[in-house]
**Q** 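Got a structure for you, questions after.
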Amino acid sequence: MSDVINVSEIFGEDVFNDTVMKQRLPKKIYDDLKKTISEGTELNAATAEVVANAMKDWAVEKGATHYTHWFQPMTGVTAEKHDSFITAPTEDGKTIMEFSGKELIKGEPDASSFPSGGLRATFEARGYTAWDCTSPAFLKHDAAGTILCIPTAFCSYTGEALDKKTPLLRSMQALDTQALRVLRALGNTTSKKVTPSVGSEQEYFLISRENFLKRKDLVYTGRTLFGAMPSKGQEMEDHYFGSIPESVGGFMKDLNERLWKLGIPAKTQHNEVAPAQHELAPIYSEANLASDQNQLVMESMKKVACKHGLTCLLHEKPFNGVNGSGKHNNWSITTDDGINLLNPGKNPHENVQFQLVLSCILKAVDEHADLLRLSAADVGNDHRLGKQEAPPAIISIFLGEQLQDVVDQLLKTGEARSSLKGDKLVTGVSTLPQFSKDATDRNRTSPFAFTGNKFEFRMVGSSDSIATCNTVLNTIVAEAFCEAADIMEKADDPVAAAKEVTLENMQKHQRIIFNGNGYSDEWVEEAARRGLPNLPSMVDAIPALTTDTAVGLFSKFGVYDEAELKAKAEIRYETYAKTINIEAKTMLNMAGKRYIPSVVEYVGKLAESLTSVTTACPEADVSVQKELLLESSALLSEAKVAMAALEDVTNKAAEVEDVEKAARMYHDEVMPAMDALRAPIDTLEFIVDKSMWPYPSYGDMIFQVK
Ligand code: ADP
Ligand code: MG
């Protein structure tokens, strides 16, 4: 068997992509479908029928037995229900494989068990999935066989979005319409469509499956709820970009192969900062496809890890004391004829269009900082944001020297006359190649950083869907474009009007720019002086969804209506409360059933040893045993008291009916009670004999992947 992967041969082999469609569809049908995909025209039933049949033939030839409408309910993960292609047996007892146009374009899963935030009572369970032909169908090969997956949007009977894809698609339409208005006003007559491009870098941990299964906290909650940091953490910074361990290398190789077959351009892989932490980045694509593909990346990571005796942890903070995981959402705006609206060119000071776009982004992010913050809120991410390892929970924009200089010139004189250039890199070694540096260095501490020809939103949690942050980004920028276009379209000289709008946006919203160290305490104070919102936890961020400003914004562009926003807020409160409840109960279980009994046993052994030594030799020095006995007994009783307190407050929180109040209580009271239980147990981990400690340690888990 050969180990060689021929990438260009396998790339996209499991995707019903353009090449396959061209081969298998009659020309007229292919043209109809392409028109729907690229121009958003409606697809007629006859075309769908032919496409469905071709898709089925292709899938069955590749071994598929089932199809599924693949969607992303508001749980944040993907959902699927498999239906086989078989039809009722014919008279001779055989069956044929069939798939109709209707089955392709519409599905009707029972929606009652997916979160809807009160959008739909359980007795009105009807929900529909509708084919999203802008994201290609693909095959999944799993233990369950080969399944044809059809990306779909998921809506209620009354058309409300019950998923993350529908709002994203709506926001892309809004951005398209408003960006085109701006471009037309600036004299562009050629571009027909504008889309957001997204590349998401995905961080993750890999640990041995054996250790994973032994840790109840990881199994039930995805993160460790107890565990002391070993003598070595990440302080040596020797893991970042370090040589990749063999078992991880095997995983990465298989993962890449699976992703390439799915047409996902996995490009970069490396070790991350924390031990056992890694990263994967694909080449960017249209936002909707990138969002679907990121879901597939996460799912594939889990499946492939399993095959290698490993477990992939996507939680934002699996281990205290080392960095957690995030997702960098690289975002730019591209026209169908290849213009990147975020490309400043060599001379940003002359680029009126770029300056206008930049100023609109400043305005959008400043006016809706709370929404952007909310878009990266998930329960796990609360452990990262503002903890010196990820951006703070305060939104700001990093521009870098070159753009800052242009903005400064504009603000000072109303005009920009020059652009800073990158110098040559001086290494002092004559044999090394000479090249120009970028005009701007990087800033790793900014939540929203300009990186050459795109913005990088760095707040998103590793397990989260990128659909939400892109929905927010697209919509807030669409609004700023819309306001600019309103003015430019009415002006006699639209270019002059564009310059005025640019200046006004920059003047009004310059407070959102921050090029310094986002991890510092001074920034927190400075941001407060500037009046920028600081929303440290998810619970603090949720109200942003339902402010008058948010309702006005999203309904104006048809992205969410008020009912959908209220539902989203409710689901988020509920998710928060449920997650912390599960964590608290898991802690109580682990402490009550394993940690405390182990410590009791250890203390008993110490006492026995103390008695037997004193009996055998009354003059022996037993001060060490005594000290240990006293210390562990004190910690043991501290743990027992903390357990009782945690149990009490968890029970109380579980009884609160109002979801917002419940979430608050879990945040304000249950979380501190969890910390109070963790502290004595983690201290005991250093004292108690390793052979008696009931769970694998941090050292076992994150330093043993070889
Ligand atoms: P960096 O080194 O700044 O993190 P990379 O080149 O490694 O940048 O890219 C990080 C991610 O950003 C990748 O997924 C890449 O495809 C994506 N990316 C690059 N250019 C763009 C762009 N114009 N728009 C959106 N994403 C982009
Ligand atoms: Mg990056």
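Indexing begins at 1, ligand by ligand and atom by atom, following the structure's order. Side chains included, hydrogens not; waters and symmetry mates left out as well; all remaining heavy atoms used. Since this is a predicted model, take the numbers as computed values, not measurements.
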**Q** Hey, which atoms in ligand 1 end up nearer than 4.0 Å to a heavy atom of G199?
**A**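 Listed by number with element, the hits are 14 (O), 26 (N).
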**Q** Between A281 and ligand 1, does any nitrogen or oxygen pair lie at a separation below 3.5 Å?
**A** no
**Q** Under 4.0 Å from a heavy atom of E201: give me the atoms of ligand 1 that qualify, with their elements.
**A** 4 (O), 10 (C), 11 (C)
**Q** Is there a polar contact, in the sense of an N or O pair closer than 3.5 Å, between K454 and ligand 1?
**A** yes
**Q** Residues two or more places apart in sequence or in another chain: which of them pass side chain to side chain contact (heavy atoms under 4.5 Å, CB included) with L411?
**A** V407, M506, Q507, Q510
**Q** Can you tell me if N340 contacts ligand 1 (heavy atom of the residue under 4.0 Å from the ligand)?
**A**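 The answer is yes: ligand 1 sits under 4.0 Å from a heavy atom of N340.
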**Q** At under 4.0 Å between heavy atoms, is it the side chain or the backbone of L342 that contacts ligand 1, or both, or neither?
**A** neither
**Q** Please list, in number order, the atoms of ligand 1 under 4.0 Å from a heavy atom of I283.
**A**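 That gives atoms 16 (O) of ligand 1.
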**Q** Residue-level breakdown please: for K267 versus ligand 1, do any non-hydrogen atoms fall below 4.0 Å on the side chain, on the backbone, on both, or on neither?
**A** neither
**Q** S418 and D405: which non-hydrogen atoms are nearest, and at how many Å?
**A** O-OD2, 4.0 Å
**Q** How close do Q353 and L341 get, heavy atom to heavy atom, and via which atoms?
**A** NE2-CD2, 3.3 Å
**Q** Aromatic rings F319 and F205: how do their planes relate, parallel, tilted or perpendicular, breaks at 30° and 60°?
**A** perpendicular
**Q** Please report whether ligand 1 has a polar contact with T451, defined as an N or O pair separated by less than 3.5 Å (distance criterion only).
**A**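 Among all N and O atoms of T451, none is under 3.5 Å from an N or O of ligand 1.
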**Q** Quick one: which ligand 1 atoms are inside 4.0 Å of a heavy atom on N453?
**A** 23 (N)
**Q** Ignoring hydrogens and angles, state whether a donor on the side chain of K327 or Q202 is under 3.5 Å from an acceptor on the partner side chain.
**A**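 There is such a pair (donor and acceptor under 3.5 Å, judged by atom type) between the side chains of K327 and Q202.
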**Q** Do S191 and N188 have a side chain donor and acceptor closer than 3.5 Å?
**A** yes
**Q** Would you call the rings of F455 and F448 parallel, tilted or perpendicular, taking 30° and 60° as the class edges?
**A**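 Rings of F455 and F448: parallel, under 30°.
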